[in-house]
J.: 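Take a look at this one; I'll ask things after.
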There are 2 protein chains.
Amino acid sequence: MNPSVLVVEDDTALCDLLAWNLSAEGYDVRSTGDGEEALVMVREQAPDAIILDWMIEQVPGIEVCRQLRKDKETARIPIVMLTARGEEEDRIRGLKTGADDYVTKPFSPRELMARIEALLRRSRPALAGDVLQYADLELDPTSHRVRRDGEPLHLGPTEFKMLRYFMERPNRVLSRQQILDGVWGMDSDIDERTVDVHIRRLRKAVNRPGDVDPIRTVRAAGYAMDVS
Amino acid sequence: MNPSVLVVEDDTALCDLLAWNLSAEGYDVRSTGDGEEALVMVREQAPDAIILDWMIEQVPGIEVCRQLRKDKETARIPIVMLTARGEEEDRIRGLKTGADDYVTKPFSPRELMARIEALLRRSRPALAGDVLQYADLELDPTSHRVRRDGEPLHLGPTEFKMLRYFMERPNRVLSRQQILDGVWGMDSDIDERTVDVHIRRLRKAVNRPGDVDPIRTVRAAGYAMDVS
DNA sequence: AGTTCCGTGACAACTTGATGACAAGCCACC
DNA sequence: GGTGGCTTGTCATCAAGTTGTCACGGAACT
């Protein structure tokens with residue numbers, strides 16, 4: 001699922017420009033020009049990041065920011081403040097209120113994209129490509145968690161390392177020796193056939209009845225994980 | 001303990017200015033003008049944030065940034081790039097390389113301070129004086145108080161530090177060694193198994209009968225606090 | 001049919017984490 | 001200075017989870 005961004009901006013032309021750019025980068029974009037509505041939308045849709053103009057109707061941007069930070073549910077959503085006011089005082093006030101970044105008009109859309117990406121990378125590593133995935137398989141090396149189709153799976157340490165080894169090398173046939181070296185370490189004198197057994201265990205842990213087996217056996221060569 | 005910042009800047013005057021400002025805000029400041037040395041210092045001192053000049057001796061700042069991001073131990077330290085080059089391309093390149101923010105000279109020290117604080121707030125909320133709050137657990141670093149579901153809990157000093165260490169790093173698997181380094185200090189020669197015992201004590205203090213245990217044991221790896 | 005290669009169930013040895021107990025240390029307060 | 005209550009680092013022990021092999025049977029290839 002793509003990361004979603006809420007754009008709060010009452011200049012329609014600018015709003016469209018941003019929306020277009022963000023979409024092109026693969027974000028799901030929603031937008032509004034109204035502060036009150038923004039607060040509602042955030043609660044309903046829980047976007048992954050917010051671009052917030054300082055000067056909008058109904059509620060000033062900075063007030064929206066304050067409100068969002070106050071509520072536990074929304075306190076951790078990254079916010080980029082956007083404004084024509086370039087004064088230092090304003091920038092500092094924006095940042096102190098809880099904005100994560102502050103960009104002054106006129107700005108470069110590409111730079112704004114880069115800043116959004118940097119923020120997402122920090123707040124939701126899962127959205128910035130840190131998490132390995134194959135179709136409905138998902139492996140997070142940091143939190144050591146594996147999911148299939150959203151369901152958490154339980155893998156033993158070796159199975160985990162092995163799955164990770166495969167997911168880091170999708171679509172490649174890996175020989176038993178390569179797998180031994182990669183998962184057990186270069187200097188292990190373990191029987192090659194042992195790999196078979198662990199492949200079986202991994203399959204058993206990953207596949208629920210009716211699932212497609214993501215691990216392909218390549219006769220006389222080894223195993224591979226298919227990513228299509 | 002105050003948050004620590006490493007300043008990597010070879011213009012001595014500017015370096016001192018930054019150091020002075022940061023100290024005044026209560027940060028522990030270290031500095032160097034050399035890229036190679038910076039890499040060593042980061043590994044040794046694990047600062048909470050880094051201010052990095054693009055143009056420094058030995059190794060270009062962007063290369064330092066790349067190196068830091070490559071290493072898992074240092075990948076999550078917030079980095080602010082600092083530079084005279086105001087070109088959009090450079091800014092975007094800096095951000096894409098993994099910098100979290102990018103400030104162009106000449107800049108306002110106060111704004112830089114605000115940006116550092118905003119970054120710390122996101123990466124280590126406790127350092128910015130915020131209350132850490134996940135699920136029904138609540139830890140206030142300032143008043144040294146912990147609550148679960150509103151109920152005040154009684155934790156020993158070590159348990160408190162440990163819980164805080166976990167809450168500052170939610171969802172991450174932490175090895176026993178990391179926990180020892182973070183809670184007891186880098187230079188403690190304490191048995192790794194001792195961590196187990198303190199985990200038990202923390203669990204006992206935090207979980208009332210029927211509660212979900214927020215601390216997950218990851219076999220052969222360590223422990224993690226789950227929040228999502 | 002013969003050969004090679006892989007899947008599988010069983011299993012005993014081994015790791016690893018949880019737990020209760022305990023003595024030493026620390027501290028505040030008499 | 002003494003004392004009792006907490007805290008804390010280690011240990012020994014226990015239960016559970018994990019792992020490397022093996023033997024057998026079926027599948028694939030020649």
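Convention: sequence-line order gives letters A, B, ...; per-chain numbering from 1. These values consider heavy atoms only, across backbone and side chains, with no hydrogens, waters or symmetry-generated copies.
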J.: Counting only side-chain N and O atoms of Arg176(A), is one of them less than 4.0 Å from OP1 or OP2 of dC6(C)?
T.: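 The answer is yes; a side-chain N or O of Arg176(A) sits under 4.0 Å from OP1 or OP2.
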J.: Atom CD1 of Ile215(B) and atom P of dG17(C): how far apart are they, to the nearest Å?
T.: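 So the CD1-P distance, Ile215(B) to dG17(C), works out to 15 Å.
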J.: Can you find a side chain N or O atom of Thr194(B) that sits less than 4.0 Å from OP1 or OP2 on dT8(D)?
T.: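 Checking Thr194(B) against dT8(D): no side-chain N or O falls below 4.0 Å of OP1 or OP2.
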J.: Base of dG20(C), side chain of Arg200(B) - is there a donor-acceptor contact under 3.5 Å?
T.: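 Check passes, donor-acceptor contact within cut-off.
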J.: Can you check the Ile190(B) CD1 to dT8(D) C1' distance for me, whole Å?
T.: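 Between C1' of dT8(D) and CD1 of Ile190(B): 9 Å.
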J.: Do Arg219(A) and dT4(C) have a side chain to base donor-acceptor pair shorter than 3.5 Å?
T.: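 Flag set: donor-acceptor pair detected.
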J.: Starting at CG of Leu202(A) and ending at C1' of dT8(C), how long is that distance when rounded to a whole Å?
T.: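 These atoms are roughly 15 Å apart.
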J.: Which residue, Pro157(A) or His154(B), contacts DNA chain D at a nucleotide closer to its 5' end, judged by nearest heavy atom?
T.: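 On the 5' side of the pair lies His154(B).
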J.: Under 4.0 Å between a Lys/Arg side-chain N and an Asp/Glu carboxylate O for Arg208(B) and Asp149(B)?
T.: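 Between Asp149(B) and Arg208(B) there is no salt bridge, as every charged N stays at least 4.0 Å from the carboxylate O atoms.
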J.: Report the residue (Ile199(A) or Arg203(B)) whose heavy-atom-nearest nucleotide on DNA chain C is the more 5′ of the two.
T.: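 Nearer the 5' end of the strand: Ile199(A).
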J.: State which of dT8(C), dG20(C), dG17(C) makes the closest approach to the side chain of Val197(B).
T.: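 It is dG20(C).
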J.: Would you mind telling me which of dA10(C), dG9(D), dG7(C) lies closest to the side-chain atoms of Thr217(A)?
T.: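 So the side chain of Thr217(A) is nearest to dG7(C).
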J.: Please state how far atom CG in Asp191(A) lies from atom P in dT21(D), giving the value in whole angstrom units.
T.: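 In whole Å, dT21(D) P and Asp191(A) CG are 5 Å from each other.
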J.: Without hydrogens or angle criteria, can the side chains of Thr217(A) and Arg203(A) be said to hold a donor-acceptor pair below 3.5 Å?
T.: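 Short answer, yes.
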J.: Please report the distance, rounded to the nearest Å, between CG in Asp213(A) and C1' in dG7(C).
T.: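 Atom CG in Asp213(A) sits about 12 Å away from atom C1' in dG7(C).
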J.: Check Arg66(A) with Glu63(A), please: is the shortest side-chain N to carboxylate O separation under 4.0 Å?
T.: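 Judged by the 4.0 Å cut-off on N to carboxylate O distance, Glu63(A) and Arg66(A) do form a salt bridge.
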J.: I want to confirm an ordering. Mapping Tyr223(B) and Tyr223(A) to their closest nucleotides on DNA chain C, which one lands closer to the 5' end?
T.: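 Upstream on the strand: Tyr223(A).
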J.: Within this structure, what is the CG-to-P distance between Asp196(A) and dA27(D), rounded to whole angstrom?
T.: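 Nearest whole value for this atom pair: 17 Å.
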J.: Verify the contact: side-chain N or O of Trp184(A) to OP1 or OP2 of dT19(D), cut-off strictly under 4.0 Å; return yes or no.
T.: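 For dT19(D), neither OP1 nor OP2 has a side-chain N or O of Trp184(A) closer than 4.0 Å.
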J.: With a 4.0 Å cutoff (strictly under), does any side-chain N or O of Thr158(B) reach OP1 or OP2 of dT8(D)?
T.: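 Affirmative; the distance criterion is met.
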J.: If you measure only the distance, is there a donor-acceptor pair under 3.5 Å linking the side chains of Asn21(B) and Arg110(B)?
T.: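 Arg110(B) and Asn21(B) do not have a side-chain donor-acceptor pair below 3.5 Å.
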J.: Considering only NZ, NE, NH1 and NH2 on the basic side and carboxylate oxygens on the acidic side, decide whether Arg43(B) and Asp71(B) come within less than 4.0 Å.
T.: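 Yes, charged N to carboxylate O under 4.0 Å.
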J.: Write down the distance between CD1 (Ile179(A)) and P (dC6(C)), rounded to a whole number of angstrom.
T.: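 Those two atoms, CD1 and P, are 11 Å apart.
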J.: Nearest-Å distance, NZ (Lys161(B)) to P (dT7(D))?
T.: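 One finds 14 Å between P of dT7(D) and NZ of Lys161(B), rounded.
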